[in-house]
2 protein chains.
Amino acid sequence: MSAVRGARERARTEITAAIKDEARRQLADQGAAKLSLRAVARELGMVSSALYRYFPSRDDLLTALIVDAYDAIGDTAETALAGAGAVSARTRWVTVCMAVRGWALARPHEYALIYGSPVPGYTAPSATIGPASRVALALISIAGDAYRSDGLALPPVAPALRPEAERLAADITPDLPPAAAVALAAAWAQLFGLLSFEVFGQFNRVVTDRDAFFERAVENLAESVGLLRRE
Amino acid sequence: MSAVRGARERARTEITAAIKDEARRQLADQGAAKLSLRAVARELGMVSSALYRYFPSRDDLLTALIVDAYDAIGDTAETALAGAGAVSARTRWVTVCMAVRGWALARPHEYALIYGSPVPGYTAPSATIGPASRVALALISIAGDAYRSDGLALPPVAPALRPEAERLAADITPDLPPAAAVALAAAWAQLFGLLSFEVFGQFNRVVTDRDAFFERAVENLAESVGLLRRE
DNA sequence: GTCTATAACGAGATAGAC
DNA sequence: GTCTATCTCGTTATAGAC
């Protein structure tokens with residue numbers, strides 16, 4: 001009986017994965033806006049109504065793809081961080097950024113799904129919030145380590161930004177000074193700005209040696225959050 | 001006869017504008033991927049085949065919208081720069097960035113069209129290259145002014161980046177040192193990273209006082225391209 | 001209980017004949 | 001420029017196999 005349930009659950013997991021794989025394939029050549037349950041079902045040899053056993057609606061399938069993408073890029077960041085070993089915080093920062101970049105360049109369509117234009121008519125449920133913050137949390141933890149061991153080299157917060165800095169620090173970096181919270185939020189957005197320009201082709205005909213360019217840019221981001229050149 | 005042609009051309013201009021306006025409206029609630037000549041025609045009370053007299057294909061209409069958007073955001077940057085008056089380069093930089101941000105927040109869908117995910121199946125023709133670079137050129141010209149009057153405070157280029165820096169400088173900033181070209185390209189991407197995070201909702205539940213946050217972030221970008229705090 | 005298949009709805013797109 | 005026949009879509013109700 002539990003063996004039966006085991007087999008059923010296995011089948012369910014497999015079919016769910018097959019649906020998502022096929023949906024990702026369609027994402028790549030048609031874009032998220034045109035993702036169609038019927039087309040996915042057709043390609044899998046199923047009937048469209050059968051898909052509703054696995055995803056209650058098209059938006060739920062989209063949500064699953066989005067959560068998977070955030071988890072994949074978050075995993076990439078966390079794995080890179082864990083594997084970085086005993087190097088300086090600055091080097092760990094660069095390593096994590098380069099790993100995130102590697103994922104994005106390898107999966108441009110999934111990257112576009114999470115960091116590109118919002119899908120029209122779709123509003124992300126709160127289930128995406130957690131996975132969406134994993135890359136940021138990895139970067140924050142690097143800054144936290146550096147703060148505790150050597151401190152962070154950051155200018156004081158301007159008076160106009162003081163309330164926001166304190167709110168931000170309370171929300172995302174309770175153990176770090178307010179200046180670090182502001183710098184980290186900006187660096188986080190700027191990292192993905194560099195990435196989006198590369199993935200979306202804005203650097204075509206502009207930047208040629210993108211590896212070197214990107215590495216230098218994320219080193220500057222490390223500096224902007226106060227990570228020292230040598231620990 | 002020339003009066004007739006004048007009237008005809010006027011009508012053509014008006015209809016072309018009406019088509020683009022309606023297309024922009026549809027962009028807002030359906031996204032670029034689903035932009036359909038037929039729907040535009042229907043909404044305008046025309047027949048779809050009539051539209052082909054104004055735009056030979058859906059992609060041509062898309063191109064026109066993209067060029068318009070690049071020109072509008074470029075105009076915004078140039079106008080802000082021209083109206084900034086006799087202030088420091090750093091202040092001009094911030095003014096231009098805030099103006100660009102104002103445009104993006106007011107027209108999120110047009111912003112998404114040019115700085116969001118690429119439209120599946122569409123490849124931008126070379127006619128978009130010029131308009132696409134206007135914001136960057138405005139920022140470059142600020143750095144150029146500062147360089148000529150006070151110089152730019154920039155660290156030397158790392159050896160690994162030297163070839164790219166020189167190529168980049170030759171292409172986009174022939175009058176500036178290679179270090180400035182690299183810094184400007186990075187700041188350019190990072191500016192739009194901040195903007196995309198704000199426009200696309202990534203800052204929801206994270207950054208609250210976005211005006212103050214953004215202004216501080218673009219001041220840091222000014223610093224990253226070597227603009228001094230006081231001229 | 002779990003799943004798939006049939007059929008249908010209302011809406012919209014598309015192709016072609018006229 | 002118009003009309004129509006035929007596609008697509010998301011979604012639901014229902015019936016039956018395992």
Side-chain angles (χ1 to χ4, degrees), chain A residues 1-68 109 113 117-125 127-128, chain B residues 8 11-12 14-16 18-62 65 109 113 117 119-122:
Chain A
M1 177 141 144
S2 89
V4 171
R5 196 166 64 218
R8 229 178 247 162
E9 297 227 336
R10 208 160 39 244
R12 186 176 176 83
T13 309
E14 266 170 37
I15 296 180
T16 304
I19 292 169
K20 291 197 289 191
D21 284 347
E22 176 57 31
R24 271 185 281 266
R25 254 211 46 242
Q26 299 198 7
L27 220 59
D29 51 53
Q30 299 206 316
K34 286 193 177 162
L35 177 68
S36 139
L37 278 190
R38 281 187 118 105
V40 171
R42 195 180 326 122
E43 216 64 30
L44 291 174
M46 304 171 74
V47 98
S48 68
S49 59
L51 280 201
Y52 285 81
R53 286 277 149 191
Y54 300 88
F55 297 96
S57 75
R58 192 201 85 126
D59 281 8
D60 287 279
L61 174 54
L62 248 186
T63 298
L65 297 178
I66 289 171
V67 168
D68 279 5
H109 303 101
L113 182 64
S117 329
V119 183
Y122 171 85
T123 46
T128 59
Chain B
R8 232 177 246 162
R12 187 176 175 82
E14 268 170 37
I15 296 180
T16 304
I19 293 169
K20 291 197 289 191
D21 284 346
E22 176 57 31
R24 270 185 280 266
R25 255 212 44 244
Q26 300 198 7
L27 220 60
D29 51 53
Q30 298 206 317
K34 285 193 179 163
L35 179 67
S36 133
L37 281 186
R38 279 187 116 90
V40 171
R42 191 181 332 117
E43 218 63 29
L44 290 174
M46 305 170 73
V47 122
S48 63
S49 56
L51 275 201
Y52 287 85
R53 301 175 60 83
Y54 299 90
F55 296 97
S57 74
R58 190 200 85 127
D59 281 8
D60 288 281
L61 175 54
L62 249 185
L65 297 178
H109 304 101
L113 182 64
S117 330
V119 183
Y122 171 84

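To find a chain, count down the sequence lines: A is the first, B the second, and so on, and within it residues start at 1.
- B:A32 and B:L113 get closest at one heavy-atom pair: CB-CD1, 3.7 Å.
- Rounded to an integer number of Å, the gap from A:D60 CG to D:dT12 P is 11 Å.
- One interatomic measurement links the two molecules: CZ of A:R58 to C1' of D:dC9, which rounds to 10 Å at whole-angstrom precision.
- Atom pair A:L51:CG and C:dA5:P shows a separation of 10 Å (rounding to whole Å applied).
- Distance CG (A:L61) to C1' (D:dC9): 15 Å, rounded to an integer number of Å.
- Sorted by residue number, the list of members of residues 11-18 of chain A with any non-hydrogen atom under 4.0 Å from DNA chain D is empty.
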(request) For the pair B:R53 and B:I15, evaluate side-chain contact (heavy atoms from CB on, under 4.5 Å) and give the outcome as yes or no after the intermediate values. (result) CA-CA 11 Å; B:R53 301 175 60 83; B:I15 296 180; over 6 Å; no
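- With A:S48 contributing its side chain and A:A41 its backbone, the two residues share no donor-acceptor pair below 3.5 Å.
- Per the geometry, CZ belonging to A:R53 stands 15 Å off C1' belonging to C:dT6, to the nearest Å.
- Nucleic acid contact class of A:F55 (heavy atoms, under 4.0 Å, all strands): none.
- Side-chain contact between A:F55 and A:T16: present, with at least one pair of heavy atoms (C-beta onward) separated by less than 4.5 Å.
- Crowding of A:R12 atom CZ: a count of heavy atoms from other residues, nucleotides or ligands under 6.0 Å exceeding 12.
- Contact between A:Q26 and A:V40 at its shortest, heavy atoms only, is NE2-N, 3.3 Å.
- There is no side-chain donor-acceptor pair under 3.5 Å between A:T63 and A:D60.
- Residues from residues 28-49 of chain B that place a heavy atom under 4.0 Å from any atom of DNA chain C, listed by number: B:R38, B:R42.
- The shortest side-chain heavy-atom distance between B:V119 and B:L35 does not fall under the 4.5 Å cut-off.
- Contact annotation: A:Y52 does not reach the phosphate of D:dT12 (side-chain N/O to OP1 or OP2, under 4.0 Å).
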